[in-house]
Trainee: 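I'd like to ask some things about the structure below.
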Amino acid sequence: MRLSSCFMPTLRENPAEAQITSHRLMLRAGLIRQTSAGIYIWLPLGLRVLHKIEQIVREEQDRAGAQEILMPTIQSAELWQESGRYEAYGKEMLRISDRHGREMLYGPTNEEMVVDLFRNDIKSYKDLPKMLYHIQWKFRDEIRPRFGIMRGREFLMKDNYSFDIDAEAGRISYNKMYVAYLRTFARLGLVAIPVRADTGAIGGDLSHEFQILAETGESTLYYDKAIEKFELATLTGDIDPDSIEKLQSLYAMEEEKHDPDNCPVAPEDLRSAKGIEVGHIFFFGTKYSEPMNARVTGPDGKLVPVEMGSYGIGVSRLVGALIEAGHDDNGIIWPEVVAPYKVGLINLRLKDADCTAACDDLYHRLTDAGVEVLYDDRDMGAGGKFADMDLIGLPWQLIVGPRGLKDGMVELKCRASGAREQLSLEAALSKLGA
RNA sequence: CGGAAUGUGGCGCAGUCUGGUAGCGCACUUCGCUGGGGGUGAAGGGGUCGCAGGUUCGAAUCCUGUCAUUCCGACCA
């Protein structure tokens with residue numbers, strides 16, 4: 001993509017309404033624009049990141065055996081009246097009515113809808129287990145939206161729902177998601193701590209929150225340092241059931257529930273860090289299947305309510321969390337797997353024919369090789385180009401100017417480490433995978 | 001919802017106390033000099049001061065109402 005034809009409105013100053021790092025950087029780097037409290041437009045650069053995160057989440061869901069569907073954002077109130085949550089959900093649910101005066105709502109979650117889907121089409125234990133997920137926009141009319149995309153009212157969530165014949169099988173589905181989550185966050189280059197959690201409005205008796213470690217996180221966590229070692233193992237392979245049980249038994253608590261005087265972990269093994277909640281998994285058994293009459297016939301011919309779990313990842317929140325976990329004074333530092341482009345090609349002197357010819361050639365060769373390049377072909381000073389490129393945080397900057405070019409050299413800068421290398425054009429190309 | 005602020009060109013702000021017809025920096029347009037970390041000179045364009053009433057000869061400024069946004073608290077992916 002040529003920057004001269006790209007919609008990337010970067011800001012030199014911090015917008016007044018943005019108080020936290022990720023919100024400021026998302027506005028300044030031209031990833032999002034706010035339209036009203038907690039509701040945002042995703043601009044081209046931000047949308048590319050969102051899509052890449054979404055894709056990694058999708059791949060790990062598929063790998064765990066879940067199947068993707070897509071449920072609507074607008075739901076009928078009827079299903080919610082059936083489950084009893086229509087009143088219980090309160091003002092956080094955005095209620096609307098259609099032209100016939102029917103009560104509708106903008107979905108804050110999809111348990112009711114997916115249970116309805118399930119009960120209409122699945123009748124036998126032979127069809128279990130099933131895991132169905134979708135990645136869809138949700139709306140929760142938060143009392144107080146804040147922190148930009150981190151707690152918006154409209155947000156993109158992956159929500160998965162598992163259906164099993166009994167609690168034991170349900171626990172297996174739960175653990176599959178538990179592992180899928182560890183893998184997902186590890187692929188994004190994040191350290192996630194699974195913390196035993198309350199079940200809240202969703203209900204149930206088994207639940208974990210996944211907290212991303214970042215200095216600017218909202219909650220303070222205390223956990224056994226052994227958790228970090230376990231997570232490294234998930235980078236390379238699956239975890240066997242015994243390991244999952246062991247990992248889940250390790251201590252991890254939010255500050256409110258952490259009692260320093262009665263902590264089972266020795267002080268030298270205890271870690272304390274700030275976290276951002278990006279995922280939450282629940283096993284809630286028959287909480288919805290019972291009232292909504294979602295039953296299957298078991299091997300013995302008897303009808304039993306299906307055992308369920310639900311599993312959420314805040315996809316749009318992850319964009320903010322990744323920035324909180326990866327930035328410096330100059331801007332964002334994206335992990336390569338989610339960066340909007342891999343390489344930022346900087347043409348320092350557009351009016352120099354040789355320089356521009358070299359840049360055009362590099363751009364085409366990289367693009368032809370499948371490398372994602374954002375080519376800064378704007379006619380402006382070098383300072384602004386460097387500042388913008390640091391701000392938007394692409395992993396590699398390929399800097400081309402007449403000075404180096406007369407010796408046949410270009411500069412390759414790593415955004416994360418700041419390391420710079422003088423390379424020949426061919427060496428730079430091969431280093432970038434072209 | 002309880003508490004606290006703020007609304008003035010695209011962005012950041014001054015002007016409000018003490019009423020007199022709107023200003024600064026950045027950005028933008030044109031031309032020139034520049035050209036490796038936001039350079040520089042000249043000339044321009046853009047705002048009925050959130051909105052609605054009121055007071056006044058006159059309101060960004062005073063009064064009343066209203067809307068929006070943000071921050072702190074309880075809740076959430």
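Every chain is numbered from 1 and lettered A, B, ... according to where its sequence line falls, protein lines coming before strand lines. None of these values were measured; they are calculated from a predicted model.
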Trainee: Quick one: do A:Lys351 and A:Asp379 make a salt bridge, cutoff under 4.0 Å?
Mentor: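 Between A:Asp379 and A:Lys351 there is a salt bridge, with a charged N closer than 4.0 Å to a carboxylate O.
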Trainee: Report the base-pairing partner of B:C33 (Watson-Crick or G-U wobble, both distances below 3.5 angstrom), or none.
Mentor: B:G39
Trainee: For A:Val315 and A:His23, take the nucleotide of RNA chain B holding the closest heavy atom to each; which residue's nucleotide lies nearer the 5' end?
Mentor: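 So the residue in question is A:His23.
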Trainee: Are any of the side-chain nitrogens in A:Glu154 or A:Lys138 under 4.0 Å away from the carboxylate oxygens of its partner?
Mentor: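 Here A:Glu154 does not pair with A:Lys138 in a salt bridge, since their nearest N and O are not under 4.0 Å apart.
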Trainee: Which whole-number value in Å describes the distance from A:Gln422 CD to B:G36 C1'?
Mentor: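 Going from CD in A:Gln422 over to C1' in B:G36 covers 10 Å.
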Trainee: Mind checking who B:G45 pairs with, Watson-Crick or G-U wobble, both distances under 3.5 Å?
Mentor: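 Across any shown strand, B:G45 pairs with none.
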Trainee: Heavy atoms from C-beta onward define the side chain here; which of B:G35, B:U69, B:A77 lies closest to that of A:Ala37?
Mentor: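 Ranking B:G35, B:U69, B:A77 by closest atom to the A:Ala37 side chain puts B:U69 first.
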Trainee: Could you work out the separation of B:U16 and B:G39 based on their C1' atoms and round it to a whole Å?
Mentor: 37 Å
Trainee: Please classify the nucleic acid contact of A:Gly152 as base, sugar-phosphate, or nothing, using heavy-atom distances under 4.0 Å.
Mentor: base
Trainee: Students often get this wrong, so: under 4.0 angstrom with heavy atoms, is A:Gly401 touching a base, only sugar-phosphate, or nothing?
Mentor: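 Since a base atom lies under 4.0 Å of A:Gly401, the category is base.
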Trainee: Where the side chain of A:Arg403 is defined as all heavy atoms beyond and including C-beta, which of B:A77, B:G36, B:G37 is the nearest nucleotide?
Mentor: B:G36
Trainee: Taking atom C1' in both B:A60 and B:U18, what distance in whole Å separates the two?
Mentor: 15 Å
Trainee: Test for a donor-acceptor pair under 3.5 Å between the base of B:C75 and the side chain of A:Arg151, counting only N and O atoms.
Mentor: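 Looking at the base of B:C75, it does pair with a donor or acceptor on the side chain of A:Arg151 (distance under 3.5 Å).
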Trainee: Looking at A:Lys274 and A:Glu215, is there a salt bridge between them, counting it only when a charged N and a carboxylate O are closer than 4.0 Å?
Mentor: no
Trainee: Heavy atoms under 4.0 Å, any strand shown: does A:Arg420 hit a base, just sugar-phosphate, or nothing?
Mentor: base
Trainee: Quick one: A:Met380 CE to B:G37 P, roughly how many Å, whole number?
Mentor: 13 Å
Trainee: Taking atom P in both B:G38 and B:G45, what distance in whole Å separates the two?
Mentor: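 The same atom, P, in both gives a distance of 30 Å.
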Trainee: Sequence neighbours left out, what pairs pass salt bridge (Lys or Arg N to Asp or Glu O under 4.0 Å) with at least one residue falling in residues 314-323 of chain A?
Mentor: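 Listed by first then second residue: nothing to list.
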Trainee: Does B:U66 have a Watson-Crick or wobble mate here (both distances under 3.5 Å), and if so which one?
Mentor: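 Across any shown strand, B:U66 pairs with B:G50.
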Trainee: Nearest whole angstrom, please: distance from the C1' of B:G39 to the NZ of A:Lys351.
Mentor: 14 Å
Trainee: In B/S/- notation, 5' to 3', how is nucleotides 11-16 of chain B contacted by protein heavy atoms closer than 4.0 Å?
Mentor: BSS---
Trainee: Watson-Crick or G-U wobble partner for B:U18, using a 3.5 Å limit on both distances?
Mentor: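 Checking every strand shown, B:U18 finds no partner, since no pair has both distances under 3.5 Å.
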Trainee: Round to the nearest Å and state the distance from A:Phe147 atom CZ to B:G73 atom P.
Mentor: 8 Å
Trainee: Run the salt-bridge test on A:Glu426 and A:Arg365 with the 4.0 Å N-O cut-off and return the result as yes or no.
Mentor: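 Result for this pair is yes, salt bridge flagged.
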Trainee: Under 4.5 Å between any side-chain heavy atoms of A:Leu79 and A:Val115, yes or no?
Mentor: no
Trainee: Are A:Arg171 and A:Glu307 close enough for a salt bridge, meaning some N to O gap below 4.0 Å?
Mentor: no
Trainee: Return the nearest nucleotide to the side chain of A:His280; candidates are B:C72, B:U69, B:A77.
Mentor: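 Taking heavy atoms from C-beta onward, the closest nucleotide is B:A77.
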Trainee: Between B:G37 and A:Lys413, counting only base atoms on the nucleotide and side-chain atoms on the residue, is there a donor-acceptor pair under 3.5 Å?
Mentor: yes
Trainee: Determine whether any donor atom in the side chain of A:Asp390 lies under 3.5 Å from an acceptor atom in the base of B:G37, or the reverse, and answer yes or no.
Mentor: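 By the distance-only test, yes, there is a pair.
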Trainee: Taking the basic N atoms (NZ, or NE/NH1/NH2) and the acidic carboxylate oxygens, is any pair closer than 4.0 Å for A:Glu82 and A:Arg119?
Mentor: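 Looking at A:Glu82 and A:Arg119, the cut-off is met.
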Trainee: Does the pair A:Arg63/A:Glu60 count as a salt bridge with the N-to-O cut at 4.0 Å?
Mentor: yes
Trainee: Are any of A:Arg140's side-chain N or O atoms less than 4.0 Å away from OP1 or OP2 of B:C76?
Mentor: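 For B:C76, neither OP1 nor OP2 has a side-chain N or O of A:Arg140 closer than 4.0 Å.
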Trainee: Measuring from the side chain of A:Ala387 (C-beta onward, heavy atoms only), which nucleotide among B:A77, B:G38, B:C71 has the closest atom?
Mentor: B:G38
Trainee: Could you tell me how far B:U56 sits from B:G46 if I compare only their C1' atoms? Round to whole Å.
Mentor: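 That atom pair is separated by 31 Å.
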Trainee: With rounding to the nearest 0.5 angstrom, report the CD1 to CD distance, A:Ile193 to A:Gln211.
Mentor: 9.0 Å
Trainee: Atom CD of A:Glu142 to atom C1' of B:C1: distance rounded to whole Å?
Mentor: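 From A:Glu142 CD to B:C1 C1': 14 Å.
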Trainee: Heavy-atom nearest nucleotide on RNA chain B for A:Pro402 versus A:Glu277: which residue maps closer to 5'?
Mentor: A:Pro402
Trainee: When we call it a touch if two heavy atoms are under 4.0 Å apart, what does A:Asp388 touch: a base, just sugar-phosphate, or nothing?
Mentor: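 It contacts base atoms.
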Trainee: Rounded to whole angstroms, how far apart are OH on A:Tyr181 and C1' on B:A77?
Mentor: 9 Å
Trainee: Given B:A68, is OP1 or OP2 found less than 4.0 Å from the side-chain N or O atoms of A:Gln34?
Mentor: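 The answer is no; no side-chain N or O of A:Gln34 sits under 4.0 Å from OP1 or OP2.
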Trainee: When you measure from the side chain of A:Arg144, which nucleotide among B:C71, B:G38, B:A77 comes out closest?
Mentor: B:C71
Trainee: What distance, rounded to whole Å, do you find between the two C1' atoms, one in B:A4 and one in B:G41?
Mentor: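 Pairwise C1' distance, B:A4 against B:G41, rounds to 47 Å.
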Trainee: Rounded to the nearest angstrom, tell me the gap between atom CG in A:Leu188 and atom P in B:A77.
Mentor: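 Rounded to whole Å, this separation is 19 Å.
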Trainee: Taking NZ, NE, NH1 and NH2 as the nitrogens, is one of them in A:Arg95 or A:Glu103 under 4.0 Å from a carboxylate oxygen of the other?
Mentor: no
Trainee: Only pairs with both distances under 3.5 Å count, Watson-Crick or wobble alike; so what is the partner of B:C71 in this structure?
Mentor: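 Its partner is B:G3.
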Trainee: For A:Phe386 and B:G36, do the ring centres fall under 5.5 Å apart while the planes stay under 30° apart?
Mentor: no
Trainee: Identify which nucleotide among B:U70, B:C72, B:G36 has an atom closest to any side-chain atom of A:Ile399, counting heavy atoms from C-beta outward.
Mentor: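 Of all the options, the side chain of A:Ile399 is nearest to B:G36.
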Trainee: NA contact type, A:Lys138, heavy-atom cut-off 4.0 Å: base, sugar-phosphate, or nothing?
Mentor: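 Nothing, no nucleic acid heavy atom in range.
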Trainee: Considering every strand and a 4.0 Å limit on heavy-atom distances, what is the contact class for A:Glu209: base, sugar-phosphate, or nothing?
Mentor: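 Nothing, no heavy atom under 4.0 Å.
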Trainee: Watson-Crick or G-U wobble partner for B:G10, using a 3.5 Å limit on both distances?
Mentor: B:C26
Trainee: So what does A:Asp379 hit on the nucleic acid, given a heavy-atom distance under 4.0 Å: a base, only sugar-phosphate, or nothing?
Mentor: base
Trainee: Expressed in whole Å, how much space separates the P atoms belonging to B:G50 and B:G10?
Mentor: 13 Å
Trainee: Of the options B:U70, B:A74, B:G35, whose atoms approach the side-chain atoms of A:Gln19 most closely?
Mentor: B:U70
Trainee: Assess whether a salt bridge exists between A:Glu421 and A:Lys413, defined as any Lys/Arg side-chain N lying under 4.0 Å from an Asp/Glu carboxylate O.
Mentor: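 Salt bridge between A:Glu421 and A:Lys413, a charged N being under 4.0 Å from a carboxylate O: no.
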Trainee: Choose from B:G38, B:C72, B:G36 the nucleotide whose nearest atom is closest to any side-chain atom of A:Arg12.
Mentor: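 The closest nucleotide is B:G38.
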Trainee: Any side-chain N or O of A:Arg146 below 4.0 angstrom from OP1/OP2 of B:G73?
Mentor: yes
Trainee: Expressed as a whole number of Å, how far does the P atom of B:G20 sit from that of B:C62?
Mentor: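 It comes out at 11 Å once rounded to the nearest Å.
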Trainee: Suppose you measure atom C1' in B:A27 against the same atom in B:U69; what distance do you get, rounded to whole Å?
Mentor: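 To the nearest whole Å, 23 Å.
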Trainee: Within this structure, what is the CD-to-P distance between A:Glu218 and B:C72, rounded to whole angstrom?
Mentor: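 These atoms are roughly 9 Å apart.
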